[in-house]
Amino acid sequence: MSLYLYNTAAKKKQLFKTIKEKNVRLYTCGPTVYDYSHIGNFRTFIFQDVLKKWLILSGYKVKHVMNITDVDDKTIKRSIDEGIPLKDLTTYYEQRFFEDLDWLKIAKADFYPRATDSISKIVEMISALISKKYAYVEKDGSVYFKIKNFKKYGELSGLPINNSTKSARVLTDEYDKDSPQDFVLWKSYKKSDGITFWESPWGKGRPGWHIECSAMSIGYLGESFDIHCGGVDNIFPHHENEIAQSEGFTGKKFVNFWLHSEHLMMDKAKMSKSSKNFFTIEYLKEYGFKAGALRYLLLCGHYRHKLKFSLKSMLKGNRVLEKIENFSFRLIDKGAMGLDKKLLKEPEDCKIFKNHMNNDLDTPKALAVFFSYIKKVNKSLDDNNLNKVALGRAWTFFSIFNDVFSMVDLNELIVPSSINNLLALRKKARAKKDWKASDEIRNLIKEEGYDVEDSVDGQRVKKIKI
RNA sequence: GGCGUCGUACCCAAGUGGUUUAAGGGACCGGUUUGCAAAACCGUUAUUCGCCGGUUCGAAUCCGGCCGACGCCUCCA
């Protein structure tokens, strides 16, 4: 089986090949930590999580780097507006970001470099770009990239350069640039920057937004690496500029595969901080969304298509999660976790599931296959017709599914002894058909945070999630 | 103005020429099972794919027009 991925640079699906055999070097654009990340941001991060987990499951060793942008116009403005040091502000939102990642069961990257820790590398790159005539210094001490000198400029996004229909914003800019579309590598110090600046060969200032990603990705992954991801809004100008800077600097191909995820839509408009139509993870958590439910809701559409999101979808998400959890409970009840390894074989449906995942991470189709399979196995369980071989196959498929979709938290299945004692009592009461005592104990268990369900196989407890 | 995407049931969402007289999920209703509750299973729910026309033996799928929604071109996942 081979993995095909849609490469924005090629504008088509391509067979995925790594530079170094069985090793993937992956860079994903991280958050700007001036505010909480929202569920739209996490659509992209969860897509990247699924990509990474799928690569690992396919036998690749993945080196993953995600940057933290902790200095830019917005972070500086916010810290001044709120009267707190930049570092305090960015540390706060960085921590909140990591908590959200954790809650959403997103696997940690190997490195989270910060822009402010990468200034020397950034200065080194800008100096080299100037000497190679890819960049020039303006009178005020700002440094710009000269896109005219980089022939490939515009190839990724397909946007025309130097067209006659420049946006109003570009036309009204006051910059002393050679060309309006030249972008800034180093921003000279302005009063509005307050105490935020670094010394450089061109005077006091701070890095432009795009250069940090080039510096950090090259710094951690090398001059050429395998995959670079982000949201579609990063294609232009961010990633276009990254290619220009990086390839101008190294003279080598920067990235082989560019992967971009589409936006999450709210009331038909894209979710964004500026339009104030966004939900934070904290809000959704309080509203009642479970982590696994959000993962499902963000993966039930293909990552390259717009996906609608609303608070109404909570019912669906939580219900689907419960259904999959119940399925895993039933398998565990039957002894799935203690099966001989020889019995852990993939069923045919799992191979179909894998084929869909290998086709540009087709999660909606993969999910459809998984759901149909659940139904089949549940039916066998109802008929008490599932033998060890079939159980092993079901558990194998579930495990592969859950390794990637990460919806069910198996740790939550461990039941404390206090609950087990109550269950034993209830079992005795039920044997005597003492329904009153049985229901009382069920209520006691509920107060301890667990639900009890009765089935032909006996009692089953489920932790009530908050 | 330039470039691009999308419009499928009550809702989310697959499907890009014939094994689709449209996957999968949620919701709803009916049934089986059940001490209760829950879970699970079975069945029902788009003769139709924004609208109009065309190509074709055959179209949700291709072409043209119209209507509607959205994205990028400026910070943005």
Side-chain angles (χ1 to χ4, degrees), chain A residues 28-32 34 37-48 69 72-74 77 157-161 163-173 181 209 229-238 240 260-265 267-275 278 296-297 299-310 312-320 322-327 329-330 356 362-383 430 433-436 438-439 442 446 451-457 460 462:
Chain A
T28 58
C29 276
T32 301
Y34 74 104
S37 294
H38 58 67
I39 186 67
N41 301 128
F42 283 106
R43 180 194 190 183
T44 295
F45 299 139
I46 284 177
F47 146 66
Q48 293 163 356
T69 298
D72 78 325
D73 293 357
K74 286 172 295 191
K77 184 175 186 305
S157 57
L159 285 172
I161 47 170
N163 59 347
S164 53
T165 54
K166 290 170 193 115
S167 73
R169 171 70 176 273
V170 171
L171 284 174
T172 57
D173 255 342
Q181 287 181 310
W209 170 42
C229 302
V232 284
D233 48 3
N234 278 157
I235 296 172
F236 189 89
H238 188 53
E240 191 74 73
H260 295 97
S261 54
E262 252 295 351
H263 289 303
L264 195 60
M265 309 298 285
D267 297 326
K268 294 183 176 177
K270 96 172 171 174
M271 197 179 286
S272 74
K273 290 172 186 172
S274 51
S275 48
F278 66 90
Y296 167 75
L297 290 168
L299 293 169
C300 73
H302 192 265
Y303 77 90
R304 285 193 290 111
H305 291 277
K306 290 179 186 74
L307 180 65
K308 291 179 213 165
F309 184 84
S310 71
K312 274 188 299 189
S313 65
M314 182 176 81
L315 213 66
K316 177 188 180 186
N318 286 350
R319 177 72 195 109
V320 166
E322 206 181 318
K323 184 175 172 149
I324 297 172
E325 281 176 339
N326 284 333
F327 177 69
F329 290 146
R330 294 189 87 176
H356 287 312
D362 196 340
T363 53
K365 283 209 198 108
L367 280 164
V369 171
F370 184 61
F371 284 128
S372 301
Y373 183 73
I374 285 184
K375 193 173 265 189
K376 253 196 290 192
V377 174
N378 271 329
K379 200 171 182 173
S380 297
L381 284 163
D382 277 2
D383 298 342
R430 287 175 59 74
K433 293 196 190 292
D434 184 350
W435 307 128
K436 194 166 174 267
S438 169
D439 288 349
R442 177 158 61 192
K446 190 158 191 171
D451 268 330
V452 186
E453 289 173 10
D454 298 309
S455 72
V456 283
D457 304 317
R460 186 187 307 148
K462 296 199 292 199

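This structure is a prediction, so every number in the text was calculated from the model and none was measured. Here is how names work: the chains are called A, B, and so on, in the same order as the sequence lines, proteins then strands, and each is numbered from 1.
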Q | d(CG, A/Leu315; P, B/rA27) in whole Å | A | 6 Å
Q: Summarise protein proximity over nucleotides 4-19 of chain B in one line of letters, 5' to 3': B for base, S for sugar-phosphate only, - for none, counting protein heavy atoms closer than 4.0 Å.
A: --------BSSS----
Q) For atom P, what is the distance between B/rG4 and B/rA13, given to the nearest Å? A) 24 Å
Q) Got a sec, which residues hit side-chain contact (heavy atoms from CB on, under 4.5 Å) with A/Lys270, two or more places apart in sequence or on another chain? A) A/Asp233, A/His263, A/Met265, A/Ser272
Q. Residues in salt bridge (charged side-chain N to carboxylate O under 4.0 Å, His left out) with A/Lys312, at least two apart?
A. none
Q.
Using heavy-atom distances to pick each residue's nearest nucleotide on RNA chain B, tell me which of A/Lys433 and A/Phe42 is more 5'.
A. A/Lys433
Q) Within this structure, what is the CD1-to-P distance between A/Ile235 and B/rC3, rounded to whole angstrom? A) 17 Å
Q. How close or far is atom C1' of B/rA77 from atom OH of A/Tyr34, stated in whole angstroms?
A. 11 Å
(Q) Roughly how many Å apart are B/rC3 and B/rC66, using the P atom of each and rounding to a whole number? (A) 16 Å
Q: Find the runs of at least 3 consecutive base pairs, i with j, i+1 with j-1 and so on, that include RNA chain B, using Watson-Crick or G-U wobble geometry with both distances under 3.5 Å.
A: B:1-7 with B:67-73, B:10-12 with B:24-26, B:29-32 with B:40-43, B:50-54 with B:62-66
Q: Could you give the distance separating B/rG53 and B/rU45 at their C1' atoms, to the nearest angstrom?
A: 32 Å
**Q.** Distance between C1' atoms of B/rA59 and B/rU48 (Å, rounded)
**A.** 13 Å
Q. Partners of A/Glu325 by side-chain contact (heavy atoms from CB on, under 4.5 Å), sequence neighbours excluded?
A. A/Leu321, A/Phe329, A/Val408, A/Lys465
Q: Only counting residues at least two apart or in another chain, list the ones meeting ring pair (Phe, Tyr, Trp, His ring centres under 6.0 Å) with A/Tyr373.
A: A/Phe397
Show the distances under 3.5 angstrom between N or O atoms of the protein and N or O atoms of nucleotides 39-42 of chain B.
{"unit_1": "B/rA39", "atom_1": "O3'", "unit_2": "A/Asn326", "atom_2": "ND2", "d": "3.1"}
{"unit_1": "B/rA40", "atom_1": "OP2", "unit_2": "A/Arg319", "atom_2": "NH2", "d": "2.7"}
{"unit_1": "B/rA40", "atom_1": "O3'", "unit_2": "A/Asn378", "atom_2": "ND2", "d": "3.3"}
{"unit_1": "B/rA40", "atom_1": "O2'", "unit_2": "A/Arg330", "atom_2": "NH1", "d": "3.4"}
{"unit_1": "B/rA40", "atom_1": "O2'", "unit_2": "A/Asp382", "atom_2": "OD1", "d": "3.1"}
{"unit_1": "B/rA40", "atom_1": "O2'", "unit_2": "A/Asp382", "atom_2": "OD2", "d": "2.5"}
{"unit_1": "B/rC41", "atom_1": "OP1", "unit_2": "A/Asn378", "atom_2": "ND2", "d": "3.4"}
{"unit_1": "B/rC41", "atom_1": "O4'", "unit_2": "A/Asp382", "atom_2": "OD2", "d": "3.1"}

Q) On a whole-Å scale, what distance lies between the P atoms belonging to B/rA9 and B/rU61? A) 15 Å
Q: Identify, with sequence neighbours excluded, every residue that meets side-chain contact (heavy atoms from CB on, under 4.5 Å) alongside A/Lys446.
A: A/Asp451, A/Ile464
Q.
Please enumerate all residues that pass side chain to side chain donor-acceptor pair (under 3.5 Å) together with A/Gln48, with sequence neighbours excluded.
A. none
**Q.** Residues forming a ring pair (Phe, Tyr, Trp, His ring centres under 6.0 Å) with A/Phe327, sequence neighbours excluded
**A.** none
(Q) Can you work out whether A/Gly158 or A/Trp435 has the more 5'-proximal nearest nucleotide on RNA chain B? (A) A/Gly158
Q.
Among residues at least two apart in sequence or on other chains, which ones pass salt bridge (charged side-chain N to carboxylate O under 4.0 Å, His left out) with A/Lys365?
A. A/Asp362
Q: List in chain and number order the residues that pass side chain to side chain donor-acceptor pair (under 3.5 Å) with A/Asp382, two or more places apart in sequence or in another chain; answer none if no residue qualifies.
A: A/Arg330
